[in-house]
Amino acid sequence: MGRLFVVSLEGKIYSCKHCRTHLALCEDIVSKSFHSRHGKAYLFNKVVNVSMGVKEDRMMMTGLHTVADIFCVGCGSIVGWKYEHAHEKNQKYKEGKSVLERYKVSGPDGSNYWVNHEPHVGGSDADDA
């Protein structure tokens, strides 16, 4: 395995809740109205210090999307997913953007969200982004 280079961000930062590796800046949030199987999730223009998993088609609340899970490079924890392709015209704005699940990251003030144990029907996606 090679040497791990990690990008350090400055400002209001979202980081991995397990290892505190920086993942995104508050200013890069596109929408806070996304939801995952575990609760709230935020759509970001840019994330850092993640590796991508295998691309796959997933049926989400807003239709079919080609996505890849994203993992923290610091500890390997899954932290969200990246939109590679939106099959619906009105969902194209998501392409190239990433979603971080709030219960898997710490907020700029160090806050953590906890898992929502209520049943969730359908795939993870935005309600009204």
Side-chain angles (χ1 to χ4, degrees):
M1 184 166 167
R3 182 178 230 179
L4 179 66
F5 289 95
V6 177
V7 176
S8 291
L9 299 172
E10 292 186 25
K12 293 184 178 182
I13 299 165
Y14 285 89
S15 58
C16 175
K17 80 172 188 178
H18 300 291
C19 69
R20 301 289 186 224
T21 297
H22 294 177
L23 299 174
L25 289 169
C26 196
E27 64 197 44
D28 287 324
I29 294 175
V30 175
S31 174
K32 291 185 175 184
S33 66
F34 279 60
H35 295 276
S36 72
R37 290 183 188 105
H38 306 289
K40 290 183 123 191
Y42 297 168
L43 181 68
F44 286 85
N45 269 323
K46 178 182 172 187
V47 296
V48 297
N49 301 322
V50 297
S51 61
M52 278 185 28
V54 177
K55 295 177 188 176
E56 63 182 21
D57 287 341
R58 287 188 197 157
M59 183 55 74
M60 297 185 162
M61 292 169 61
T62 57
L64 185 64
H65 294 81
T66 303
V67 300
D69 288 333
I70 54 175
F71 302 86
C72 172
V73 297
C75 66
S77 296
I78 185 170
V79 291
W81 66 90
K82 181 176 181 179
Y83 287 101
E84 291 295 319
H85 179 70
H87 297 268
E88 302 290 330
K89 219 177 213 180
N90 67 342
Q91 300 297 306
K92 293 286 187 188
Y93 75 95
K94 296 177 184 175
E95 291 181 347
K97 294 178 176 59
S98 299
V99 171
L100 295 178
E101 297 185 61
R102 276 300 282 129
Y103 96 100
K104 296 178 180 179
V105 299
S106 294
D109 59 358
S111 64
N112 289 313
Y113 278 54
W114 302 104
V115 176
N116 180 358
H117 292 288
E118 296 174 17
H120 191 292
V121 178
S124 306
D125 217 346
D127 277 344
D128 59 347

[atom2] on [Y] to [atom1] on [X], rounded to 0.5 Å:
| X | Y | atom1 | atom2 | result |
| --- | --- | --- | --- | --- |
| Glu84 | Lys97 | CD | NZ | 12.5 Å |
| Lys92 | Lys94 | NZ | NZ | 12.0 Å |
| Asp69 | Ser51 | CG | OG | 10.0 Å |
| Leu100 | Cys72 | CG | SG | 10.5 Å |

Checklist line | Neighbour count >12 (heavy atoms, 6.0 Å) for atom NZ, Lys46 | finding: no
Check: Can you tell me if Lys40 uses its side chain to pair, donor with acceptor, with the backbone of Lys32 under 3.5 Å?
Finding: no
Item checked: Side-chain donor or acceptor of Asn49 paired with backbone N/O of His22 under 3.5 Å -> yes
Next item on the list: Over all heavy atoms of both residues, which pair between Ser15 and Arg20 is shortest? Give the atoms and the distance, please.
Entry: CB-O, 3.7 Å
Side chains of [X] and [Y]: closer than 4.5 Å at any heavy-atom pair?
| X | Y | result |
| --- | --- | --- |
| Phe44 | Leu23 | no |
| Met60 | Gln91 | no |
| Val79 | Tyr14 | no |

Next item on the list: Using the side chain to side chain contact (heavy atoms under 4.5 Å, CB included) rule, pick out the option among Val99, Val30, Ile29, Val105 that qualifies with Tyr42.
Entry: Ile29
Check: So among Val67, Thr66, Leu64, which one has a side chain to side chain contact (heavy atoms under 4.5 Å, CB included) with Arg58?
Finding: Val67
Next item on the list: May I have the step-by-step check of side chain to side chain donor-acceptor pair (under 3.5 Å) for Lys104 and Ser36, ending in yes or no?
Entry: CA-CA 11 Å; Lys104 296 178 180 179; Ser36 72; over 6 Å; no
